[in-house]
*Asks:* 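Would you mind keeping the following structure in view while I ask a few things?
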4 protein chains.
Amino acid sequence: MTTSTAEQLSAVSLYERLGASAGIRRIVDGMVDAHLQNPVIRARFQPYIDDPEHVEEIKQHICTFFAVHTGGPGTYGGRSMTQTHRGMNIDAAEYMAAIDDTLATMEGLGHDQETRNEVLAILYPLKSEILHV
Amino acid sequence: MTTSTAEQLSAVSLYERLGASAGIRRIVDGMVDAHLQNPVIRARFQPYIDDPEHVEEIKQHICTFFAVHTGGPGTYGGRSMTQTHRGMNIDAAEYMAAIDDTLATMEGLGHDQETRNEVLAILYPLKSEILHV
Amino acid sequence: MTTSTAEQLSAVSLYERLGASAGIRRIVDGMVDAHLQNPVIRARFQPYIDDPEHVEEIKQHICTFFAVHTGGPGTYGGRSMTQTHRGMNIDAAEYMAAIDDTLATMEGLGHDQETRNEVLAILYPLKSEILHV
Amino acid sequence: MTTSTAEQLSAVSLYERLGASAGIRRIVDGMVDAHLQNPVIRARFQPYIDDPEHVEEIKQHICTFFAVHTGGPGTYGGRSMTQTHRGMNIDAAEYMAAIDDTLATMEGLGHDQETRNEVLAILYPLKSEILHV
């Protein structure tokens, strides 16, 4: 046995450390619920506030997205990030609010700093596909 | 003859001074064209950039809105300002950009400072029905 | 007697209608107090919150500015708008908040819509000398 | 020899991987130069544009800050992040621009994704001490 604990850890995908499908769903439930309350971005969800099916559809897209980008199974067959956010003119304050909701939800669920940093490193650069597109 | 020139002027509605239906259409054409180029807000129009019918529809709504709010004929039968902008999370920079496009178009068309100020006084307070609704 | 009431009214400067020096001071007191509470801009005043002399200095500059731009006596001998705001990177949301505080203060003091519109028409275009300079 | 390469790597501080004092200085030179060109934040530096001593002072503060927060020697004896940014009302767009300048400078200097992610994980949460304080 020559592999170290560190190497074994790195062999466990972020997807698995997030709790696989069920764990990611908990994060997405928490972050979308937070978005609906967050004064910086809740207005974006006003048209869907009484349309739980639409909110559920958004959540499923985010779950698939998370899985694909963290080493999980499946492929993301939906529209690109840019297409999804086309015409929304999302700005930096809104995107930071969305990241913050995600990281705070993860912290609330007990995910450690290291794992949150990995998610931050995935989410932050996505802004080039989301902001003002 | 006891009425003054000033009184006669005030009897001419802003709608008439804007050039009635045709004059307002020129302002709206100019401002929407400016919006499509304005880096602060053009992203909002990306989904419609190849859909001239949708842009035309937007222009007609704005024309009707201008007519109704400047003393012209007709009634605005469309959705309220708030309903129209629901979910867009429009911010102050975007709204100022839209006002600026309007005032610059008016100036380009030869409308004087006084007339532009009257339009500003109509547009500025609308922000409470448009921003972050 | 050939001059109309309207002409006589227009002969009364905005400065006088604002209540001259004392009336302007009331507006400036109210707007600066509102700024100190306004979540969008109060952070700008944090360094001076315990420095009433500095706040008083700001108020006096604004009073002089108001007087000069509304047809009152005196000349504005201070730094230009651009110089005053150089390095602050003030954005649209902050400037709209400042305008709103001013108009709300004026409304609270009983100034009518017409007078508030005249002040709006003075303040709004100043943004080119204040925002992101 | 039981320690793995991964463990040895983690024993090398981020400070060392950034190139210690000289390497950090190159990053700070690049990021501040980028700030001076960045349309989102360059206005903040306008008052110092002809004051290289002040810019140098800012750079030295940032160098010390980087060293202390990446495992390097020394202690940060300056004012707190909050005190430094008090009254500036820095917003999300400005902070993201500053992060982007830093990450782009690091990429230009050849720092790998992993190292840039570590710096992102340090810079991102600092916003609570910098934005709107």
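Quantities reported herein were computed from a predicted structural model and do not represent experimental measurements. Proteins come first, then strands; the chains are lettered A, B, ... in the order of their sequence lines, and each starts at number 1.
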*Asks:* Please check if the number of heavy atoms outside C/R86 that lie under 6.0 Å from its CZ is greater than 12.
*Replies:*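 Buried by this count: over 12 neighbours within 6.0 Å.
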*Asks:* C/P47, C/P39, C/A43: which one forms the most heavy-atom pairs within less than 4.5 Å of chain D?
*Replies:*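 Most heavy-atom pairs within the cutoff with chain D belong to C/A43.
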*Asks:* Output the option from D/Q83, D/M88, D/Q46 having the highest count of non-hydrogen pairs under 4.5 Å with chain C.
*Replies:*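 Top option by heavy-atom pairs under 4.5 Å: D/M88.
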*Asks:* Answer yes or no: are there more than 12 heavy-atom neighbours, outside C/R26 itself, under 6.0 Å from its atom CZ?
*Replies:*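 No.
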*Asks:* Does C/N89 reach the main-chain N or O of D/N89 with its side chain, forming a donor-acceptor pair under 3.5 Å?
*Replies:*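 No, C/N89 side chain to D/N89 backbone: no donor-acceptor pair under 3.5 Å.
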*Asks:* Identify which part of D/E94 has an atom lying under 4.5 Å from any heavy atom of chain C, answering side chain, backbone, both or neither.
*Replies:*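 Side chain of D/E94 only, per the 4.5 Å heavy-atom cut-off to chain C.
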*Asks:* Rounded to the nearest 0.5 Å, what's the gap from CZ on C/R44 to NE2 on D/H132? Could you check?
*Replies:*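 NE2 of D/H132 is found 9.5 Å from CZ of C/R44.
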